[in-house]
Protein chains: 2
Amino acid sequence: MGITQRKEREKEEMRQRILDAALHLFREKGYEGVSIRNIAEAIEYSPGTIYLYYKDKSEIFYALQYEAAALKRDHLLSAALLENPWERLQAIGRQYIDFGLKHPDLYDLLFIIRSPMESIENQDCWILGQATHAFFVETVQACIDHRYFKSTDADTIAFTLWCHAHGLVSMFVRERIRMYPEERREQLARDSFEMIIKMAATL
Amino acid sequence: MGITQRKEREKEEMRQRILDAALHLFREKGYEGVSIRNIAEAIEYSPGTIYLYYKDKSEIFYALQYEAAALKRDHLLSAALLENPWERLQAIGRQYIDFGLKHPDLYDLLFIIRSPMESIENQDCWILGQATHAFFVETVQACIDHRYFKSTDADTIAFTLWCHAHGLVSMFVRERIRMYPEERREQLARDSFEMIIKMAATL
DNA sequence: AAATGTAATGAACAGTGTTTAATAACGCAA
DNA sequence: TTGCGTTATTAAACACTGTTCATTACATTT
């Protein structure tokens with residue numbers, strides 16, 4: 001009875017081959033810049049074949065988005081190990097920015113790109129994102145409980161810190177930091193992160 | 001010899017008519033969602049006519065981007081009137097966020113959208129943006145000079161504050177705040193702005 | 001070896017941005 | 001008013017897009 005298993009495996013391999021080619025192309029030309037024919041050509045199949053594995057172009061995007069969300073969750077887990085909530089919070093921030101600068105296309109995929117029919121479609125991805133966000137807010141709450149902050153509004157604190165991190169990464173990802181010379185940007189990001197941490201410590 | 005003048009005026013009117021229709025459509029369906037044929041239909045002309053006034057689709061986008069930058073500069077001028085640098089800085093921030101939340105599509109146009117050939121193309125727009133950013137950094141420097149901050153790194157302070165504002169607006173514009181209920185979002189934005197101001201005061 | 005079921009194809013459809021040859025509209029001198 | 005020269009407008013064409021579907025090719029089963 002190994003045949004159906006092999007078929008299943010081959011199908012999965014094909015799906016992954018499409019995903020790999022798509023990610024590679026999306027990184028180069030962006031979502032709109034890549035056609036189904038491009039992807040088909042990259043894997044040396046005809047355009048129609050793609051539709052046997054993904055029902056349309058956006059489903060390929062969503063599959064990639066889910067992979068990105070899972071990778072991001074894995075990154076986060078390293079920070080989750082720290083017992084002390086204040087150190088954990090700093091680690092989360094560092095990890096968030098690290099992920100964004102290291103995988104700008106995946107970050108774009110997750111947090112910026114206005115994908116086709118920006119809705120609840122890819123629910124798996126959405127649930128993943130919600131869970132990591134909840135973990136973030138809980139850590140802020142833990143900091144409050146342990147008297148690291150005087151302020152007690154966990155939501156606002158979390159949101160404010162997130163604004164900074166998301167803004168920082170976004171500007172890198174969408175290249176809106178042309179006013180700062182190339183060679184200073186990375187240092188600027190580090191300095192700004194340290195600054196927001198110091199600022200947060202006064203909350 | 002008023003004929004050439006009238007021709008000139010009519011040409012300008014046509015350009016503006018195209019821009020108005022394009023902005024209206026872009027707001028509804030986004031840059032990629034709008035076709036030249038859609039714009040042509042909206043102004044009741046044939047598709048080819050558009051190309052007599054703008055050399056391609058991206059030029060229409062750039063023209064709109066410039067209009068948005070000019071509007072944003074005008075918004076900023078109200079803040080520029082304040083003498084006290086610390087109050088001026090707060091006003092700039094408030095104005096920045098106000099503009100973003102009031103004109104999400106224009107903000108998108110200016111700071112987020114990955115436009116066709118994201119380069120130095122629309123230099124007018126870029127110069128405008130550079131000027132307003134310089135004004136922002138100068139205000140931070142003025143705050144330092146007047147001992148509102150202990151820290152003396154104007155660039156990092158400015159960048160950090162900008163990260164927060166840009167991140168906040170971005171999340172609204174690209175709707176990445178679905179984890180917060182609709183009715184709380186505006187208040188959250190206000191609270192977060194106040195929080196970052198209080199944090200900045202400790203720098 | 002023949003029959004069956006599935007995977008792959010390539011043509012077709014309706015859309016896209018853009019170019020261009022043909023046409024219509026206009027201003028102006030005779 | 002007529003005819004000429006510009007200029008504005010258009011419809012058609014080209015090469016592309018996402019997507020569907022009847023047909024073909026092939027691996028598996030009988």
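The chains referred to below are lettered A, B, ... by the order of the sequence lines, with proteins before strands, and numbering in each begins at 1.
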Does a side chain donor of either [X] or [Y] reach within less than 3.5 Å of an acceptor in the other side chain?
X: B:Y31; Y: B:D108; value: no
X: A:R184; Y: A:Q187; value: no
X: B:Y180; Y: A:H133; value: yes

OP1 or OP2 of [N] versus the side-chain N and O atoms of [X]: is any pair under 4.0 Å?
X: B:T49; N: D:dT9; value: no
X: B:S46; N: D:dT9; value: no
X: B:Y53; N: D:dA8; value: no

Taking only the side-chain heavy atoms of B:L52 (C-beta and beyond), determine which of D:dA8, C:dT19, C:dA8 contains the nearest atom.
-> D:dA8
Listed nucleotide nearest any side-chain atom of A:P47, set D:dT19, D:dA8, C:dT16 =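 Closest nucleotide to the A:P47 side chain: D:dT19.
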B:R15 CZ - D:dT9 P separation (whole Å) =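 Rounded to whole Å, this separation is 14 Å.
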Length of the CD1-P vector between B:I50 and C:dT16, whole Å = 13 Å
Can we say A:R190 and A:E194 salt-bridge, meaning some charged N sits less than 4.0 Å from an Asp/Glu carboxylate O?
->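 Looking at A:E194 together with A:R190, the answer is no, because their closest N to O distance does not fall below 4.0 Å.
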Please figure out whether B:N38 or B:G48 has its closest DNA chain C nucleotide nearer the 5' end.
-> B:N38
Per the atom types in the model, does the base of D:dG18 pair as donor or acceptor with the side chain of A:R37 at under 3.5 Å?
-> yes
Checking all strands, does A:Y54 fall into the base, sugar-phosphate, or nothing category for heavy-atom contacts under 4.0 angstrom?
->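 No contact.
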